[in-house]
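Working notes, beginning with the structure itself.
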Amino acid sequence: MRLAPIVAVALLAAAPAAAQLGAATQSPPPEGVAEGQGAANPKGHYAALDALPDWGGIWFVMAGPPGSAPAATPKLKGEYLARREAFVAEVRANDGVTRRDRSYCSPPGLPRIMRLAQYPYEFIFAPGRVTINQEAWMQTRTIWTDGRAHEEDPDPGFMGDSIGHWEGDTLVVDTIGISDALEMDTGWPHSDQFRLIERIHLDPSNPDVLVNEMRMEDPEALAEPYEVTTRYRRDRYGKLFEFQCSENDRNPVDEDGNTQFD
Amino acid sequence: MKRLLLLSAALAALPIPAVVPAIAWAHHSYAMFDMNKTVVLDASVTRFKWQNPHAFIEVDVTVKGGTEHWAIEMTAPNNLVQEGWKRTSLKPGDKVRIWVHPLRTGARGGSYAGIRLPDGSTLGDVS
């Protein structure tokens, strides 16, 4: 209570900012979307969603068939190749164990979050957008399908800025703005120019399999685009479980980057 | 599920992770476990944690001269459901036999492979 007058003075001093507290932010429509249109104005556009393909249920990443050849690896170049080689040398020297520079409660971001073995996904269609809920870390990914352009300078993040459109029954997604602190896969670094293009569709020979043809481009880190296909199998009536990592973090990372086991 | 774990085991055994796994690692790599080795524990359950990112079983194992406490990591509950597990499958005091891939460090912990429940039924890989 003794602090209250000081807080009041501080708020008065910051009047321009404080005046906005509690007021609804008035954002302009995104680039490429007219006032009154787009994902923010879904009313009247729900019936059209029925034309989209049936992606109901939840989806688990499928392992390749036993004995299948390992997927091709990214062709890195320059300093990114050197970083890769240093990583491999260190893991080799460390008995196959990879060091971590962050908590396991920190999610991997794109593209790895779309390729996790244990945790399923669900796809929610709404006018002007597709939402992907991910059991892993309870992550949410938004793909804007309302015709907007990429943000001019998106804040680098775990999910980046995803713009999509439907080509028939295939959702085509273009993602930029993925943080260069993340990796294509463990020990495979990329630059801030990294770009992910996904073509997501049901398998024509099995409608309970969803196919994600992923293409990764990076003029700084990759000598050529890297392509890999991820498949998911449907669990029609399954549901996502809660994932509150800090409630059950049994694998803290010590200051040397070694994974502990409680 | 079993196939996923075995795949992880094969990859963990590679001296050099020169290939991108067909699927990315799950929550963490299995390199901390000796996936080629299985130990069998006759144990008493002290705790069963049914929660992401991994379910856990904690047990006491009677050994010569005392008791060892083991922490056994499982996969995610959503995978375990498909193997027949549920939140109420275990409770403290249950006497079970557990098949475990032990930690390489020798500490009393490991990765779950299979279990024989008090009613004699089994889940997972108990061979």
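In what follows, chains are A, B, ... by sequence order, proteins preceding strands, each numbered from 1.
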Open item on the list: A quick test of your reading: do over 12 heavy atoms of other residues, nucleotides or ligands sit less than 6.0 Å from CG of A/Asp155?
Closed with: no
Task: Region of B/Trp70 that comes under 4.5 Å of a non-hydrogen atom in chain A - done: neither
Open item on the list: For B/Asn78, run the side-chain contact (heavy atoms from CB on, under 4.5 Å) check against A/Phe243, A/Tyr119, A/Phe60 and tell me which one passes.
Closed with: A/Phe60
Open item on the list: Which heavy atom of A/Gln118 sits nearest to which heavy atom of B/Ala76, and what is that distance?
Closed with: OE1-N, 3.6 Å
- [ ] Flag yes if more than 12 heavy atoms outside A/Glu167 fall under 6.0 Å of its CD atom; otherwise flag no.
- [x] yes
Task: Closest non-hydrogen atom pair between A/Ala117 and B/Asn79, with its separation - done: O-OD1, 4.4 Å
Task: Minimum heavy-atom distance A/Glu135-B/Asn52, with the two atoms named - done: OE2-ND2, 3.0 Å
